[in-house]
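A quick write-up on the structure given underneath.
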There are 2 protein chains.
Amino acid sequence: MSKKRVTAKEIARELGISVMTVSRALNNRPNVDAETRSRVQEAARRLGYVPNRIAKSLVLQRTHIIGVVVPEITHSFFPEAIRGIEEAAFQAGYHIILTHSSEDATREEEVIHLLESQRVDGILISKAQTVEENRIYQQLLERKVPLVFFDRCVPGIGADCVSVDDEAGAKRITEHLIKIHGYQRIAHLSGPQHISIGRSRLEGFKKALQENHWPFYQDLVVEAGFHETGGYHAMKILLEFPPEQWPRAVVAVNDPAAFGAMKAIREMQLGIPGDIALVGFSDDIRAELMPVPLTTVRQPAYEVGKKAAERLIETIEGNSGQTLEIVLATEQIIRRSCGCNP
Amino acid sequence: MSKKRVTAKEIARELGISVMTVSRALNNRPNVDAETRSRVQEAARRLGYVPNRIAKSLVLQRTHIIGVVVPEITHSFFPEAIRGIEEAAFQAGYHIILTHSSEDATREEEVIHLLESQRVDGILISKAQTVEENRIYQQLLERKVPLVFFDRCVPGIGADCVSVDDEAGAKRITEHLIKIHGYQRIAHLSGPQHISIGRSRLEGFKKALQENHWPFYQDLVVEAGFHETGGYHAMKILLEFPPEQWPRAVVAVNDPAAFGAMKAIREMQLGIPGDIALVGFSDDIRAELMPVPLTTVRQPAYEVGKKAAERLIETIEGNSGQTLEIVLATEQIIRRSCGCNP
DNA sequence: TTCAGCTATGTTAACGATAACATTCACAAA
DNA sequence: TTTGTGAATGTTATCGTTAACATAGCTGAA
C-alpha cells in the first residue's frame, strides 16, 4: 500500500558502501571518514531516511519507552501528572505509551500485557479501583520489569512508589477544623477502603481527632466514593439523622464528593459554613468557583508524575538502590467553606 | 540486569518441536495437532511467555499502534478527545502512543519523527499554535503515512480532517445576540489567525453580521489568543475607547478568553449582561460556575477524537476512499451572560 | 499396489538494525 | 625493505518472529 520505506541498505547501495558504515556514520561513531560521514548524512536527508526504531530496539533490547497506566484521563489530577511524566521522560530521552484502564481491573491487565509485549523499558502504574489482587504486579516484579507506582500505591509489595501524603494532608485539614474553628461532631465522607488514598485519608481524619482528644463518631463516617453523586448520597444519609445529630463540619475525601455534599446541604436550605462547614481534597479547578469557595488540599500532581518518572528511569538505568516509597507533601488551600474569611 | 525473557524458542526446545509450530499454535493457525497446540499453550503459560511485539512488528510491518500528537493535555478539550481516540482504538485492536508538543513547532516536529521511527501505523495530529509551515505534514503525506488531523486542521493539504463546525457555531451564537437580544455594536475577541479555529470563528462572527445586515466595526475585532490573560488584555483595549464606543456584546473565541474579559469588565464596575453581554466558546467546566454563568458553545470533544481515530483506522486498513473533511456540529449552551434567563 | 492429496511439522530467509570480529590499506618506525 | 599500527571499511551473526516453501507420513481411490 504505502511505498516502501527507505532503509540503511538503500543508502548503502546508493553510495556503494556497506550498511555498517552507514550505521556508524548516522550514529556518530568514531572511525568513519569525515567525507564518507557527510555523504551518508546528505544521502539520508535526500532520500528521507527515518531510522527504524523497531529494528534497533530488537537488537539493543531497549526501547526507551515508558509505559503509563492511569485509571482515567478526564479527572484533573492525571492530566497534570502525565505532564510531569512526559517532562521527565522527554528530558531523559524517553517517550511514553499512555494507556488507561477506565478503573477496570480486566482492562488494566490487558494494557499491562500490551506494554510488556511492546517491551517498554519500564512501567508507571496508578492502580484501578476495581483491582482486588496483586498477582499481576507480583508477576511483573518477578520478571524484573522496572516498575513504579504513583498516586495509588500497593503498600508492601516491594515496588517503588511515589504518592501524596494523603494521611498528613487529611490530618492537617481536620486539625484546622478542630483547632481554628473548634467544631464538634466532624463527619467524614470517605473513599473506597480498598484504595490506598481512601484508606489514608480516613486514617488522617481519625488521627487528627485522636491526637486532639476530640470525639469520634462511627456514624459520621460514610463511604462516598470519589464522585459527585457518591458525595451527594452520603451527605443525604447524614442529613437523615435528627438535626441535633447532624455534623457541624464535614471532611470530604475529594472535591467532587464535596461538591455533591454541597448540593445536598443546600437542598436542605442549610448554610455553608454557617450550619455545616465543609472541606474537600484535591483542589479541583472548580473549587474556588463554587458559590462558597471550597477549602481544600492541593495535591502536587505534576510533581508526583515527574518524580515517579525520574525514579523509574533511575531503576531502568540501574541506579535505583533500594526500594523507595516517596511521599510528597500537600498544601492547604484555605477558602471560605471551612468558616475562614481569607 | 533483568533475567532473560522467555521466547518462542525456549518453548520449542522445552517441547522438542520447532519454533514455527509454536508460533502457529499460539496464533491459532490451522494445521496444528490439537494436542500439540494445547501442550504449547500450557508451556507458554507455565513459562510466563509474553510474545515480543517488536519482533512481530518488524516482520509484519504493522504495529497496531496509533501515534497521537496534541498541543497540550491540561486543557479540558484534549483529555476528552483522547478518551474518544482511546475508545475507538481499543475497539479496533489498536493502541496509542500519546505525545504532546506543548504548542511548540520544534517539539511537534520531534515527536512526529519519533512516531514515524516507531513505525506507528498512522498518526493523529492536532497542530501546535506555533507551526508556521506545513512542510512536515507534506512530507508525511508524500511518504504515504496514514494521517488524520483533528480539531486543528490544515485546510487544502489533502489530508483527512475531523473538526468541529466552528464557523457555524460562532455564527449561530452571534445570531443569538443579534436576533434574540438585538444588541448593536458586537465585538469579537479573536483567536490567532494562523490557527484554523481562530480563523473560522472570526469568519462565523462576520457572516452572522453580514447576513443579518448588522453593522461590522473593524475596531471591535481584537486578537486575544486562547488564554485568560489574552482575553483580559483584549477586553481592556476595547474598554479604553470612550464609553459610547464600547461594545454592547462580546463574542470571545473561547471560554478562557471570556473569563479574562469578564475580569476586565468587572474591574470597570460594569455589569454582565446589563452593560456588556458576553458569550464564550468550548463549554469549559468552569463556565457554569462563574458569578454570571457563561453562555457558550459546547464542542463534542469525545466524538471528535473517536471519529478521527475511526477514520484513521479506515485509512490504515485501506478502506478510506477519498479525502474527507468531517465536521461535527456544536451545541449552544444558553446561560445568563448573554442576557437570557434560563 | 501406487501415487495424488492431505495434514502436521520442519527449514530457510526475511524484517532492519547493530555488535563483534575480520580485512584492507597507508604510513611510520626499525 | 619489512613490519607494526591504527584508521576506515566490510562480513557475519544476531535480536524474535512469521512467510514461504519443503518434507514426512498417512489416507484413500484408481
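What you are looking at is a predicted structure, and each value in this text was computed from that prediction instead of being measured. Every heavy atom of this structure was used, including side-chain atoms; hydrogens, water molecules and symmetry mates were not. First the proteins, then the strands, lettered A, B, ... as listed; each starts at 1.
Of the residues listed (A:I97, A:I96, A:T99), the one engaging B:I97 in a side chain to side chain contact (heavy atoms under 4.5 Å, CB included) is A:I97, and it is the only one.
Regarding A:L58, its CG atom lies at a distance of 14 Å from the P atom of D:dT14, rounded to whole Å. Distance NZ (A:K9) to P (D:dG10): 15 Å, rounded to an integer number of Å. Computed from coordinates, the A:R62 CZ to C:dG16 P distance equals 24 Å when rounded to whole Å. Going from atom CG of B:L60 over to atom P of C:dC15 covers 13 Å, rounded to whole Å. As a whole-Å value, the separation of B:I11 CD1 from D:dT18 P is 11 Å. Remark: P of C:dG10 and CG of B:N31 are 13 Å apart, rounded to the nearest angstrom. Between the CZ atom of A:R53 and the C1' atom of D:dG16 there is a distance of 20 Å, given to the nearest Å. A straight line from CG of A:N28 to C1' of C:dT18 spans 15 Å, rounded to a whole angstrom.
With rounding to the nearest 0.5 Å, the separation of CG in A:L124 from CD1 in A:I82 is 10.5 Å. Here A:E108 contributes atom CD and A:Y137 contributes atom OH; the two are 3.5 Å apart, rounded to the nearest 0.5 Å. We find the SG-CD1 distance between B:C161 and B:I125 to be 11.5 Å, quoted to the nearest 0.5 Å.
Each of A:R29 and B:A34 has a nearest nucleotide on DNA chain C; the 5'-most of these lies closest to B:A34.
Rounded to 10°, the angle separating the first-five-pair axis and the last-five-pair axis of the helix from C:dT1-D:dA30 to C:dA30-D:dT1 equals 70°.
Between A:T36 and D:dT9 there is a side-chain N or O to OP1 or OP2 distance below 4.0 Å. Contact check, A:N27 against C:dT18: a side-chain N or O comes under 4.0 Å of OP1 or OP2. Close to C:dT18, at under 4.0 Å from its OP1 or OP2, lies no side-chain N or O of A:Q61. Contact annotation: B:K56 reaches the phosphate of D:dT18 (side-chain N/O to OP1 or OP2, under 4.0 Å).
Side-chain contact annotation: B:Q41 with B:S38, donor-acceptor N/O pair under 3.5 Å absent. Side-chain polar atoms of B:E109 and B:T106 form no donor-acceptor pair below 3.5 angstrom.
Salt bridge status for B:E72 with B:R107: absent, with no side-chain N to carboxylate O gap under 4.0 Å. Ion pairing between a basic and an acidic side chain is recognised when a charged N comes within 4.0 Å of a carboxylate O; A:E87 and A:R83 show no such pairing. Under the 4.0 Å criterion applied to side-chain N and carboxylate O atoms, B:E314 and B:R311 are assigned as salt-bridge partners.
In this structure a side-chain-to-backbone donor-acceptor pair under 3.5 Å is missing from B:D121 to B:I66.
The aromatic rings of A:Y94 and A:H64 sit tilted relative to each other, their planes meeting at an angle between 30° and 60°.
Backbone-only contact: B:P51 has heavy atoms under 4.0 Å from sugar-phosphate atoms and none from a base. Within 4.0 Å of A:V32, counting heavy atoms only, lie sugar-phosphate atoms of the nucleic acid but no base atom. Nucleic acid contact for B:D33: sugar-phosphate only, since backbone atoms but no base atoms lie under 4.0 Å from a heavy atom of the residue.
Contacts of residues 13-25 of chain B with DNA chain D (heavy atom under 4.0 Å): B:M20, B:S23. For DNA chain C, no neighbouring residue in residues 113-123 of chain B is found when judged by any heavy atom under 4.0 Å.
Under the 4.5 Å side-chain criterion, counting only non-hydrogen atoms from C-beta, B:R152 is in contact with B:P71.
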